[in-house]
Amino acid sequence: GVKRLALISGRTIDNPRLLGEAIAAGCSVIYLEKPGATTVAELETMKKQAADANVEICMGYNKNVCKYVRNAREFAASTEGSHVTFVSNNTYENNASSL
C-alpha cells in the first residue's frame, strides 16, 4: 500500500487538529515540530490517538534543518512515482490574540 508521512509545523494551538487530520488521511508516520501542543494533557491525548491508530510520532526541531525533511525530499527525488508536498497555512492575523 501507499505509505504516507506528515510533517506538522504550524501554530502550536493547531497541532492537535492537524495530527488528527494526518491520521485520518492515512499517515503512518508523523513528524511533529516542538512543542507539539499547548498543554501536557493535549500531548497525552495526541499520543493516545496516534497509538490507537498505530501511527509513529517523531518530535523534533525546526523543519528547515530537520534531517527527516531532507531525507523525505531525497527519497522522493530518487523514487519513481513518489512526491513530497509542503502545505503552508498561515491564514491568521499577525496579532497577539491570533498567536
Side-chain angles (χ1 to χ4, degrees):
V2 175
K3 302 249 332 159
R4 291 185 172 204
L5 171 130
L7 185 146
I8 298 175
S9 176
R11 294 186 309 158
T12 303
I13 198 166
D14 294 331
N15 287 349
R17 176 183 53 81
L18 295 172
L19 181 98
E21 290 176 6
I23 290 171
C27 294
S28 58
V29 178
I30 299 172
Y31 178 87
L32 182 61
E33 193 171 74
K34 285 182 71 173
T38 57
T39 67
V40 172
E42 282 181 321
L43 284 172
E44 290 171 344
T45 298
M46 293 163 72
K47 179 181 177 181
K48 182 178 181 336
Q49 184 180 13
D52 289 349
N54 199 31
V55 172
E56 181 181 353
I57 302 293
C58 303
M59 184 173 271
Y61 295 101
N62 189 296
K63 68 187 178 300
N64 296 316
V65 296
C66 170
K67 70 179 180 180
Y68 298 106
V69 174
R70 184 182 67 245
N71 290 348
R73 287 179 171 154
E74 290 171 359
F75 176 81
S78 68
T79 305
E80 186 175 334
S82 83
H83 66 277
V84 175
T85 302
F86 291 94
V87 178
S88 177
N89 184 15
N90 291 330
T91 58
Y92 56 92
E93 293 183 39
N94 188 13
N95 59 44
S97 64
S98 291
L99 301 175

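For reference, positions follow the sequence shown, starting with 1.
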Looking only at non-hydrogen atoms, find the nearest pair between [X] and [Y] and report the distance.
X	Y	value
I30	L19	CD1-CD1, 3.8 Å
A53	I23	CB-CG2, 3.6 Å
G36	N15	O-CB, 3.0 Å
R4	G26	CB-O, 3.9 Å
C27	L5	SG-C, 4.2 Å
G20	Q49	CA-NE2, 3.4 Å

What's the spacing between [X] [atom1] and [Y] [atom2] if we round to 0.5 Å?
X	Y	atom1	atom2	result
E44	T39	CD	OG1	8.5 Å
L18	T12	CG	OG1	10.5 Å
L32	K47	CG	NZ	13.5 Å

Counting C-beta onward and ignoring hydrogens, is there a side-chain heavy-atom pair between I57 and M46 closer than 4.5 Å?
no
M59, I8: one ILVMFWY side-chain cluster at the under-4.5 Å cut-off?
yes
Can you confirm whether more than 12 heavy atoms, excluding those of N54, are under 6.0 Å from its CG atom?
no
Can R17 and E21 be counted as an ion pair, charged N to O under 4.0 angstrom?
yes
When you measure from the side chain of S78 to the backbone N and O of F75, does any donor-acceptor pair fall under 3.5 Å?
yes
